[in-house]
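This one's a predicted model, so the numbers in the text were calculated from it and none came from an experiment. Sequence lines set the chain letters: A, B, ... in the order given, protein chains first and strands last, and positions in each chain run from 1.
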Amino acid sequence: MVKILSKDFFNKPTITVAKKLLGKFLVRRYRGKRIVLMITEVEVYDGPQDKASHASRGKTARNEPMFGEAGRFYVYFTYGIHWLVNVVTGPKGYPAAILFRAGRTLEGKDIIGPARLTKYLKIDGKLTGKLAGRRTGLWFEDHGIKIRPSHIKRGPRVGVDYAGSWAKKPYNLKLL
DNA sequence: ACGATGATGAAC
DNA sequence: TTCATCATCGTA
């Protein structure tokens, strides 16, 4: 039983969505091929006050998708080299998103790191602002895997030391 | 430990 | 227009 996640799945508090995303699948249709990853690590960026979030300095051309409707992708370019992918959560106008940091292939190989994940799934800036779904070529599937709360480890976010106390919040979620 | 490599946002 | 910074990674 495979279900495709729709907008209402993402239109909820960001931490709630993040917990439910672990064990779900990110699926890409690229040049006729299906590329699949089980989501094993995510990171929450929540609200205009979050100093680690791109939205903390207001809406710009780049981060505009974060302020949009839930279920859209926010993809951005960083360090001159890498693309990183997020899915937008919460109500329209409230900037929040979940960054995908790691996944596992159907063969059990771990793809660790947000830029390695986008490379594996052939994701780049052309997908930013697009709604998750088959038409977009990138969507979420529920394969019926149940994750127990005790199998989720929460810790501080990675690479955001500049964000002061916001860097310490347990907004990183990993599947154990 | 460091360089790659370029868009972004803030300052000037 | 210039400049520091950056939700990172591969190589050393």
Student: Starting at atom CE of M66(A), determine the distance to atom C1' of dG9(B), rounded to an integer number of angstrom.
Tutor: 16 Å

Student: Applying the side chain to side chain contact (heavy atoms under 4.5 Å, CB included) test to R29(A), which of K122(A), R135(A), R34(A) qualifies?
Tutor: R34(A)

Student: With ring centroids as reference points, do F73(A) and F100(A) lie under 6.0 angstrom apart?
Tutor: no

Student: Check the phosphate of dT8(C) against T78(A), side-chain N and O only, distance under 4.0 Å to OP1 or OP2. Yes or no?
Tutor: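 False: T78(A) side-chain N/O out of range (4.0 Å or more) of dT8(C) OP1/OP2.
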
Student: Drop me the distance from L99(A)'s CG to T118(A)'s OG1, to the nearest 0.5 angstrom.
Tutor: 9.5 Å

Student: At under 4.0 Å between heavy atoms, what does A52(A) touch on the DNA or RNA strands: base, sugar-phosphate, or nothing?
Tutor: base

Student: Could you check, using the six-membered ring where one of them is a Trp, whether Y45(A) and H54(A) have ring centers closer than 6.0 angstrom?
Tutor: no

Student: Does the base of dA4(B) carry an N or O that pairs as donor and acceptor with the side chain of Y79(A) under 3.5 Å?
Tutor: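 No such pair is found, so the answer is no.
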
Student: Tell me the interatomic distance from W83(A), atom CH2, to dC6(C), atom C1', rounded to whole angstroms.
Tutor: 14 Å

Student: Starting from C1' on dG10(C), measure out to NE2 on H82(A) and report it in whole angstrom.
Tutor: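 Answer to the nearest Å: 8 Å.
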
Student: Between dT8(C) atom P and I111(A) atom CD1, what is the distance in whole Å?
Tutor: 17 Å

Student: Is there a side-chain polar atom (N or O) of H54(A) under 4.0 Å from OP1 or OP2 of dA7(C)?
Tutor: yes

Student: To the nearest angstrom, how far is R62(A) atom CZ from dG9(B) atom P?
Tutor: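 One finds 5 Å between P of dG9(B) and CZ of R62(A), rounded.
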
Student: How would DNA chain C look in dot-bracket form, 5' to 3', counting Watson-Crick and G-U wobble pairs with both distances under 3.5 Å and writing | for bases paired to another strand?
Tutor: ||||||.||||.

Student: Kindly say whether A55(A) contributes a backbone atom to a donor-acceptor pair with the side chain of S53(A) at under 3.5 angstrom?
Tutor: yes

Student: Considering every strand and a 4.0 Å limit on heavy-atom distances, what is the contact class for I81(A): base, sugar-phosphate, or nothing?
Tutor: base

Student: Is there a donor-acceptor pair under 3.5 Å between the side chain of D110(A) and the backbone N or O of I112(A)?
Tutor: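 Absent.
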
Student: Roughly how many Å is it from CG in L84(A) to P in dC9(C), rounded to a whole number?
Tutor: 7 Å

Student: By a 5.5 angstrom centroid cut-off and a 30 degree plane limit, is there stacking between F77(A) and dG6(B)?
Tutor: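 No; by the centre-distance and plane-angle rule, F77(A) does not count as stacking on dG6(B).
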
Student: From CD of E64(A) over to P of dG9(B), roughly how many Å is that when rounded to an integer?
Tutor: 12 Å

Student: Which nucleotide sits closest to the side chain of R57(A): dA7(C), dA10(B), dG6(B)?
Tutor: dA10(B)

Student: Starting at CG of N63(A) and ending at P of dA7(B), how long is that distance when rounded to a whole Å?
Tutor: 17 Å

Student: So R157(A), base contact, sugar-phosphate only, or nothing? Heavy-atom distance under 4.0 Å.
Tutor: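 The residue R157(A) makes no contact with any strand.
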
Student: Checking A96(A) now: which residues fulfil side chain to side chain contact (heavy atoms under 4.5 Å, CB included) with it, not counting sequence neighbours?
Tutor: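 Testing A96(A) for side chain to side chain contact (heavy atoms under 4.5 Å, CB included), a comparison that skips the adjacent residues, returns T14(A), D46(A), T89(A), Y94(A).
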
